[in-house]
Amino acid sequence: MKRTRAFIHTLYEVPKDAEVVSHVLLLRGGYIYPVAAGIYALLPLGHRVVENISIIVREEMNRIDGVELTMPVLNPAELWKETGRYYDIGDELIRLKDRKQREFVLAMTHEEVVTDIARKFIRSYRDLPFMLYQIQTKIRDEARPRAGVIRLREFLMKDAYSFHGDFNDLDKYYPKVYEAYRRIFERCGLRTAAIEADSGIMGGSGSHEFMLESPNGEDQFVICSLCGYQANTERAIGVKPGVEGLDDISSAPPLEKVHTPGVKTISDLMKFFEIDRGKFIKSVAYLADGRLVLAAIRGDFEISETKLRNRLKAIKMEIAPEEILIEKGYHPGFLSPIGINDPSVEVLIDSSLEYPAMMVAGANEEDYHYKNVVPGRDFDNSRTVDIAEVREGDVCARCGKGKLEIRRGIELGHTFKLGTKYTDEKSMNVTYLDDQGREQRVVMGCYGIGIERLMAAVVEKWHDENGIIWPVSVAPYDVYLIVIGKGESEKTLGERLYSELNSKFEVLWDDRQESPGVKFKDADLIGIPFRLVVSTKLMKENAVEIKVRQSGEVFRCAPEDVSARLEELKQGMKNSLR
RNA sequence: CGGGGCGUGGCGCAGUCUGGCUAGCGCACCUGCCUUGGGAGCAGGGGGUCGGAGGUUCAAAUCCUCUCGCCCCGACCA
């Protein structure tokens, strides 16, 4: 391709709306064009990268017996009502009506459609297992799109769905997907951490997120440096150290009510009582799908709303509005699990309150707290749960020794063992007859990769101050050809190399009337793996020059050897991506 | 949804507080000359009505009201 025809428009200056490095470089390099918040066009260069990524994804999906298909973005609302997601998902799901006032949604994933297709055709155990996938547009009306192409409202996703005769078969297949994901990211030049994840509203029994560690990531996960335990902070469990406690509960002084006018927060209490954060019991009331829930945790921990929501299996959860509490006779700021025997209130005690200690808690009475509170004596702590946010430095719950570190990452892929969430009789009811002629329920898994986000992640990982450094596997072109010198002989040699190399490589010839400096800068910015230079000087020595973008190495060789040399270099770089 | 910031030729910005000459600068773009190993030089030139609407005023990019859009932090996130 000649540069003058390739519709490549690079920017010298950093667009003012871009802060994240991948956003800046993809805009400057002419890869993407913003159309609206969280909605981008892929310009020709970006399109080529996405195509290359898609090829890798297809190869790996096909390798684990995936079959590609295409499903529609516009979905009838009925399907989504059938699974309940029409009601469970908020404004993120775009709902609309057609000319006949029939209700539709714009699909944010395709469980509904794929399951509908599957149930139409699955009759016998002989039809199972299988895996269907597509690379297709997803629409999500994100509250806050961000970081260029990392969090979009319209994006391409490789979504895959596997169907099995039983959980056993899913468990056998799941690791294959896991390995395929690893390979996909590695072939794109990325090393990911596969972490235990929260499965959110998708439901199911197991879930992993593939994270690229990055300062521009929006997700947090923990890693144990000792045993290698990795998990999303929404799920991670840390050992909760005890506080200075009591040896013998029976020797503890009785509860004592203290007048604490207007003292509501933990920091107010710390000042009032002059004791540590960890000696207080923090109680927060939530409204979960209409139920009132009181969650209690030690003051030096924070409640993880995700863990709490999962524990309650709640779809919608919010901090209980004050009016509701007051109406029911509770006092925000002075809540505690002590003396609550209202059957309409569910009390959850975090495991940080397992330790016997003398603590301070609300008295469930306006302007009063209790001191000398002993968990287990003054309220039931025989059944505790983990609803605490993990903290940096907490001890790893798996090995019991290592310290947990919190890292930031970009979520590139997510795999779920869905189980029967969508095939259940309360959902879409998908069954088959086993070899005994008995009806059995189909078991599912689903697996997603964000394609543009993967492109952005590659840039986050592979760039320098001059621009992008594409791995050969995804680069939009292999070779950036620059001819220096105005003479006919330079031009002729350029033509010759261009047409010769074109049969084996994707060559971008910068044929613009520009100074060499401009072309060098653009070659670096766009990030093509190899730069090939023909110049007057080099021709005197019967040589051309190859510069490797990634390493900066420069090789000279005779024009007739270029093709072989490039092939060798490219193959070497490809091999290093496995 | 809460908080903050920004909208002025294609891009980056100044001008706005304190209304007033023809709205300015750099880059990009066009023409000519010159130049070809890291975003060259000289000369000439084209292009904006200041996000939008309404208002105040003799006079509005500038003041007021409403509104739209974009970015960042947070909440949310299949």
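Residue numbers start from 1 in every chain, and the chains themselves are labelled A, B, ... in the order their sequence lines are given, proteins ahead of strands.
- In this view, A:Glu82 and A:Arg119 satisfy the salt bridge (Lys or Arg N to Asp or Glu O under 4.0 Å) rule, not counting sequence neighbours.
- Shortest non-hydrogen contact noted between A:Ala41 and A:Val35 is N-CG2, 3.9 Å.
- As a whole-Å value, the separation of A:Ile526 CD1 from B:G39 C1' is 13 Å.
- Remark: the separation of the P atoms in B:A40 and B:A23 is 32 Å, to the nearest Å.
- Remark: B:A43 base-pairs with B:U31. Criterion, Watson-Crick or G-U wobble with two distances under 3.5 Å.
- Across all strands, A:Glu218 comes closer than 4.0 Å to no nucleic acid atom at all (heavy-atom distances).
- Using atom C1' as the reference point in both B:A61 and B:G20, the two lie 13 Å apart (nearest Å).
- Atom pair A:Glu142:CD and B:G74:P shows a separation of 15 Å (rounding to whole Å applied).
- Heavy atoms only, all atoms of each residue included: A:Trp470 and A:Pro529 are closest at O-CG, 3.8 Å.
- Distance A:Asp91 CG to B:G2 P: 13 Å, rounded to the nearest Å.
- A straight line from CD of A:Glu514 to C1' of B:C27 spans 13 Å, rounded to a whole angstrom.
- At the heavy-atom level, A:Arg153 lies nowhere under 4.0 Å from the strands shown.
- A donor-acceptor contact closer than 3.5 angstrom links the side chains of A:Tyr174 and A:His208.
- Nucleotides B:U49 and B:G5 are separated by 25 Å at their C1' atoms, to the nearest Å.
- Using C1' as the reference atom, B:G46 and B:G51 are 24 Å apart when rounded to the nearest Å.
- Using a 4.5 Å heavy-atom cutoff, the side chains of A:Arg58 and A:Lys158 are not in contact.
- Across all strands, A:Asp522 comes closer than 4.0 Å to base atoms (heavy-atom distances).
- Residue A:Ala107 is out of contact with every strand shown, counting any heavy-atom pair closer than 4.0 Å.
- The 5' end of RNA chain B is approached more closely, in terms of each residue's nearest nucleotide, by A:Glu19 than by the other of A:Arg453 and A:Glu19.
- When heavy atoms are screened at a 4.0 angstrom cut-off, A:Ile482 is found touching no nucleic acid atom at all.
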Give each protein N/O atom lying under 3.5 Å from an N/O atom of nucleotides 5-12 of chain B, with the pair distance.
from, atom 1, to, atom 2, distance (Å)
B:C11, O2, A:Glu13, OE2, 3.4
B:G12, OP1, A:Lys16, N, 3.1
B:G12, O2', A:Glu13, OE1, 3.3

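- Look at the C1' atom in both B:C58 and B:U67: the space between them is 29 Å, to the nearest Å.
- Phosphate proximity of B:A40 to A:Ser515: present, with a side-chain N or O under 4.0 Å from OP1 or OP2.
- The CD-P distance, from A:Gln513 to B:C33, rounds to 13 Å in whole Å.
- Between A:Arg146 and A:Glu218 there is a salt bridge, with a side-chain nitrogen of the basic residue lying less than 4.0 Å from a carboxylate oxygen of the acidic one.
- Atom OH in A:Tyr480 sits roughly 17 Å away from atom P in B:G37 (whole-Å rounding).
- Of the inter-residue distances, the one linking A:Met455 atom CE with A:Ile150 atom CD1 reads 10.5 Å to the nearest 0.5 angstrom.
- Closest to the A:Tyr12 side chain, of the nucleotides B:G39, B:A75, B:G38, is B:G39.
- B:G52 and B:C76 are spaced 37 Å apart, taking the P atom of each and rounding to whole Å.
- Residue side chain A:Arg144 does not reach the base of B:G2 through any donor-acceptor N/O pair under 3.5 Å, judged by distance alone.
- Checking A:Gly38 against A:Met108, the closest nucleotide of RNA chain B that is more toward the 5' end is the one next to A:Gly38.
- For the C1' atoms, the distance from B:A60 to B:G41 is 42 Å, rounded to whole Å.
- Nucleotides B:U57 and B:G12, compared at atom C1', are 34 Å apart to the nearest Å.
- Pair assignment for B:G7: B:C68, on the basis of Watson-Crick or G-U wobble contacts that are both within less than 3.5 Å.
- Between the base of B:G38 and the side chain of A:Lys547 there is a donor-acceptor pair shorter than 3.5 Å.
- Across every strand in view, B:A23 sits unpaired, with no contact that passes the Watson-Crick or G-U test at under 3.5 angstrom.
- Note on A:Ala143: a base of the nucleic acid sits closer than 4.0 angstrom, heavy atoms only.
- Rounded to a whole Å, the CZ atom of A:Arg531 is 13 Å from the P atom of B:G37.
- Looking at heavy-atom distances under 4.0 Å, A:Ala18 makes no contact with the nucleic acid at all.
- For the side chain to side chain contact (heavy atoms under 4.5 Å, CB included) test with A:Ile53, the passing option among A:Leu454, A:Ile184, A:Ile135 is A:Leu454; the others fail.
- As rounded to whole Å, 15 Å separates atom P of B:G37 from atom CG of A:Asp510.
- Base-pair partner of B:G2: B:C73 (Watson-Crick or G-U wobble, both distances under 3.5 Å).
- Considering every non-hydrogen atom in both A:Arg453 and A:Leu412, the closest pair reads O-CD2, 4.1 Å.
- Under 4.0 angstrom from either OP1 or OP2 of B:G74 there lies no side-chain N or O belonging to A:Arg146.
- Figure legend: A:Arg95 and A:Phe104 shown without cation-pi pairing, the cationic atom not lying both under 6.0 angstrom from the six-membered ring centre and within 45 degrees of its axis.
- Summarising the base pairing, B:G48 is matched to no nucleotide, lacking a Watson-Crick or G-U wobble pair whose two defining distances lie under 3.5 Å.
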